[in-house]
Amino acid sequence: MADNTDLKPTGTETVNGNGKDGSGGYKMRVGFGTIAMLISATGMGLVPLFSRWATRTDMFDGAAGFNAGDSIGALMAVGRMGMGVIFFVILLLATHKVHVFKKLKLTPAIALGGLMIGLSLACYVTSTLLTTVSNAVLFIYIGPVICVLLARIFRKEPMSKLQWICLLAVFIGMLFGNNLIGFNESGFFVDFNLQTSTPEFPMKGVGDAFGLASGVFYGASMFFNGYRKDADTTARGVWNFIFAVVGAGAVTIILNSLGSTPDMANWALNVHFTPFNWAGAILLWIICGPIALGFLLVAGRNLPAADYGTIAYWEVPVAIFVGLVVFGEALTINTIIGGVLIIGGGAVPSIKGMITGRKLKQQDEIGEKLAGHLDEKSQQGALGDSTAALLDTGRGAELGMMANDTKITSNLTHIATETHFEAALSEEELKAAFAKHGLPGFPAKLDIPERTEDHVQMMALDGLLEFAKANDAGAVAYDVTYFPHADEAEVDYQLQQLGRDLEIDAAVIRDVCADEIKEYLALDAKRNPDLPVHSIVEAYVGGTAFAWYGMNEYPRLKRVILNALSQGGQKAKRSFIERASKAQVELLEDY
């Protein structure tokens with residue numbers, strides 16, 4: 001049982017003057033955190049072993065009684081909580097956080113969170129001595145569901161259908177675990193006559209009641225700890241365990257006081273431990289105290305809250321294993337069914353939270369990457385219509401052309417005037433221009449992106465032809481490109497290109513940009529497909545390619561999407577990122 005139930009990972013803490021957490025940039029080590037949580041949960045699961053070792057006259061025979069009164073379990077809890085105080089005080093001094101502890105405001109939530117965990121452990125240890133281990137540990141793990149129920153009642157937090165189903169599963173699990181319903185040789189039965197005594201556990205009914213109380217108090221501790229998650233974990237831990245000692249001590253005093261009445265004389269402490277008992281008590285206080293708590297802190301620093309809460313359920317099979325193997329407590333089919341329902345009812349929401357947390361993390365990563373690309377594309381879109389059109393063709397990066405009288409190059413030394421691209425010309429129009437300048441032109445498959453700006457010089461068509469003629473080029477090469485109206489194949493092609501640019505799956509873009517795709521198809525349907533989209537002319541002089549590039553406006557899917565985002569501002573951009581990130585994560589889960 002995780003005593004310090006502030007499930008906020010502590011790895012991101014940097015404490016300021018008021019004791020509040022800030023982001024310290026700590027990178028979680030999930031593998032290391034998982035191992036630490038397993039060690040911690042194992043230590044917690046060994047409570048029944050050491051509590052019986054510490055208190056029984058014969059460790060393996062419950063019928064032999066205790067070397068103390070029946071309230072001894074609560075006193076064992078006081079010792080364990082006291083070790084928790086010592087451990088956190090040492091940690092406070094070692095981490096130089098005494099000033100943080102002094103400045104931390106003690107709120108009712110912090111005090112009640114500690115008080116409830118002390119009451120819970122006192123009842124739990126008492127339960128492990130008076131009933132079966134499986135009953136004790138299964139009852140305490142109704143706590144997470146109790147926490148959800150309290151949050152629903154007092155904080156008005158909504159409960160999902162899953163949470164209601166889990167609550168019902170835990171309730172039915174309790175009925176199975178107590179043999180109020182279940183299966184026997186006659187089949188399914190319903191019997192609300194509680195079995196309050198067995199030869200091994202003469203006070204089994206009381207032990208089950210303490211187990212149930214431990215679960216209620218455990219859920220209450222989680223509820224109160226959830227009210228204050230901004231407090232430093234170490235400083236808060238000191239207060240939590242101080243009040244836990246108070247809570248466990250109160251149970252001890254009350255139970256011991258009941259021993260003053262003749263019919264409850266067996267509840268008086270009457271401690272007369274043997275050295276063997278003291279060895280068990282020390283192991284309980286150390287292994288289930290500082291060791292388990294220390295690894296609990298390590299786990300909290302390296303695991304997300306949902307992972308942390310889910311792995312904590314490892315305590316249950318450890319405790320049941322102790323009862324089965326060490327103490328020979330048989331597991332009935334009803335106990336198994338009850339255990340599955342109780343553990344499942346408590347763990348399923350945590351597992352769902354763990355999966356959701358990882359999905360959100362993936363969404364955030366994809367969203368950040370996508371936002372960066374959109375920022376870059378938005379900046380490019382501000383360069384002007386002619387340059388934006390060039391960028392839309394995929395040629396801007398290779399040509400290094402931009403407005404504002406600047407040209408980006410690899411060495412940042414070139415300065416050029418603003419470049420205006422002329423309209424694309426048909427083959428007949430190009431031939432007329434060649435004839436005008438007395439140069440023959442030959443069709444060729446020309447593609448500027450295959451070259452670099454170091455080897456291609458852009459010029460106006462008339463200037464290029466005159467330059468070529470003056471340098472005895474003899475001839476020029478040209479190419480003209482026509483685009484038919486866009487269809488689904490063209491949409492797929494452009495989505496694949498856009499997906500590579502944004503590093504997001506094309507199927508995701510299709511899903512979240514359905515309206516923009518419709519707009520693109522509608523715009524392209526208005527374009528005259530008989531007009532050329534691109535035309536290029538190249539002349540080679542002294543081993544250098546000189547080129548003219550003409551382009552007519554035509555819709556590009558990327559530009560339509562970016563325009564929609566720019567018109568909608570940051571709100572549209574955030575909406576796109578959130579939708580795209582979510583869709584991308586859901587798509588990843590299919591593989």
For the CD1 atom of Ile146 and the CE atom of Met222, what is their distance to the nearest 0.5 Å?
11.0 Å
Might you point out which heavy atoms bring Ala54 and Ala281 nearest each other, and give the distance in Å?
CB-N, 3.3 Å
Does any N or O in the side chain of Thr335 come within less than 3.5 Å of the main-chain N or O of Leu331, such that one atom is a donor and the other an acceptor?
no
I'd like to know whether the aromatic ring centres of Trp53 and Phe276 sit less than 6.0 Å apart in this structure.
yes
Side chains of Trp285 and Met76: closer than 4.5 Å at any heavy-atom pair?
yes
Under the side-chain contact (heavy atoms from CB on, under 4.5 Å) criterion, do Leu46 and Leu49 qualify, and how do the steps go?
CA-CA 5 Å; Leu46 293 176; Leu49 172 66; 4.2 Å; yes
If we ignore angles and hydrogens, is there a donor and acceptor under 3.5 Å between the side chains of Ser127 and Ser214?
no
Within the side chain of Ser71, is there an N or O that forms a donor-acceptor pair under 3.5 Å with the backbone of Trp267?
yes
Short side-chain to backbone donor-acceptor contact, Ser221 and Tyr218, under 3.5 Å
yes
Checking side-chain contact (heavy atoms from CB on, under 4.5 Å) for the pair Val47/Leu284: CA distance, chi angles, key distance, verdict?
CA-CA 6 Å; Val47 167; Leu284 172 68; 4.2 Å; yes
Between the CD1 atom in Ile86 and the CD1 atom in Ile286, the distance rounded to the nearest 0.5 Å is 10.0 Å
Closer than 3.5 angstrom, by distance alone: can the side chain of Asn135 be matched with the main-chain N or O of Gly211 as a donor-acceptor pair?
no
Can you say whether the rings of Phe241 and Phe88 are parallel (under 30°), tilted (30 to 60°) or perpendicular (over 60°)?
parallel
Can you confirm whether or not the ring centre of Trp239 sits under 6.0 Å from the ring centre of Phe101?
yes
Sub-4.5 Å side-chain heavy-atom contact between Val78 and Val251:
no
Measure from the side-chain N and O atoms of Thr126 to the backbone N and O of Ala122, and report whether any donor-acceptor pair falls under 3.5 Å.
yes
Taking Asn256 for its side chain and Leu269 for its backbone only, find out whether a donor-acceptor pair lies under 3.5 Å.
yes
As an exercise, state the distance from CD1 of Ile287 to CE of Met83, rounded to the nearest 0.5 Å.
11.0 Å
Any carboxylate oxygen within less than 4.0 angstrom of a Lys/Arg side-chain nitrogen, looking at Arg52 and Glu200?
no
From Ile72 atom CD1 to Leu255 atom CG, the distance as rounded to the nearest 0.5 Å:
11.0 Å
Quick one: are Tyr124 and Leu119 in side-chain contact, heavy atoms under 4.5 Å?
no
Heavy atoms of Phe201 and Leu130 approach each other most closely as CB-O, 3.4 Å
After noting the C-alpha distance and the side-chain angles of Thr55 and Val125, does the key distance pass the side-chain contact (heavy atoms from CB on, under 4.5 Å) rule?
CA-CA 11 Å; Thr55 59; Val125 178; over 6 Å; no
Which heavy-atom pair separates Ser120 from Ile140 by the least distance, and what is that distance?
OG-CD1, 3.8 Å
Met37 and Phe295, any side-chain heavy atoms less than 4.5 Å apart:
no
In Å and rounded to the nearest 0.5 Å, what is the CG to CG distance from Leu129 to Asp70?
8.5 Å
Show the nearest heavy-atom pair for residues Val271 and Ala68, with the distance to one decimal.
CA-CB, 4.0 Å
At their closest point, which heavy atom of Ala292 faces which heavy atom of Met44, and how far apart are they?
CB-CE, 4.0 Å
Within the side chain of Asn277, is there an N or O that forms a donor-acceptor pair under 3.5 Å with the backbone of Thr274?
yes
Please tell me if the side chains of Asp58 and Phe60 come closer than 4.5 Å, counting only heavy atoms from C-beta onward.
yes
Does Phe223 form a side-chain contact (heavy atoms from CB on, under 4.5 Å) with Phe154? I'd like the steps, not just the answer.
CA-CA 10 Å; Phe223 171 73; Phe154 294 103; 3.8 Å; yes
Hey, does the Lys NZ or Arg CZ of Arg56 hover above the aromatic six-ring of Phe327, less than 6.0 Å from the centre and inside 45° of the axis?
yes
Rounded to the nearest 0.5 Å, what separation is found between the OG1 atom of Thr57 and the CG atom of Asn67?
3.5 Å
Taking the side chain as C-beta and beyond, is there a heavy-atom pair between Met203 and Asn266 under 4.5 Å?
yes
Work out which heavy atom in Val133 is nearest to a heavy atom in Ala319; give both atom names and the distance.
CG1-O, 3.1 Å
Does Phe189 CZ have over 12 foreign heavy atoms under 6.0 Å away?
yes
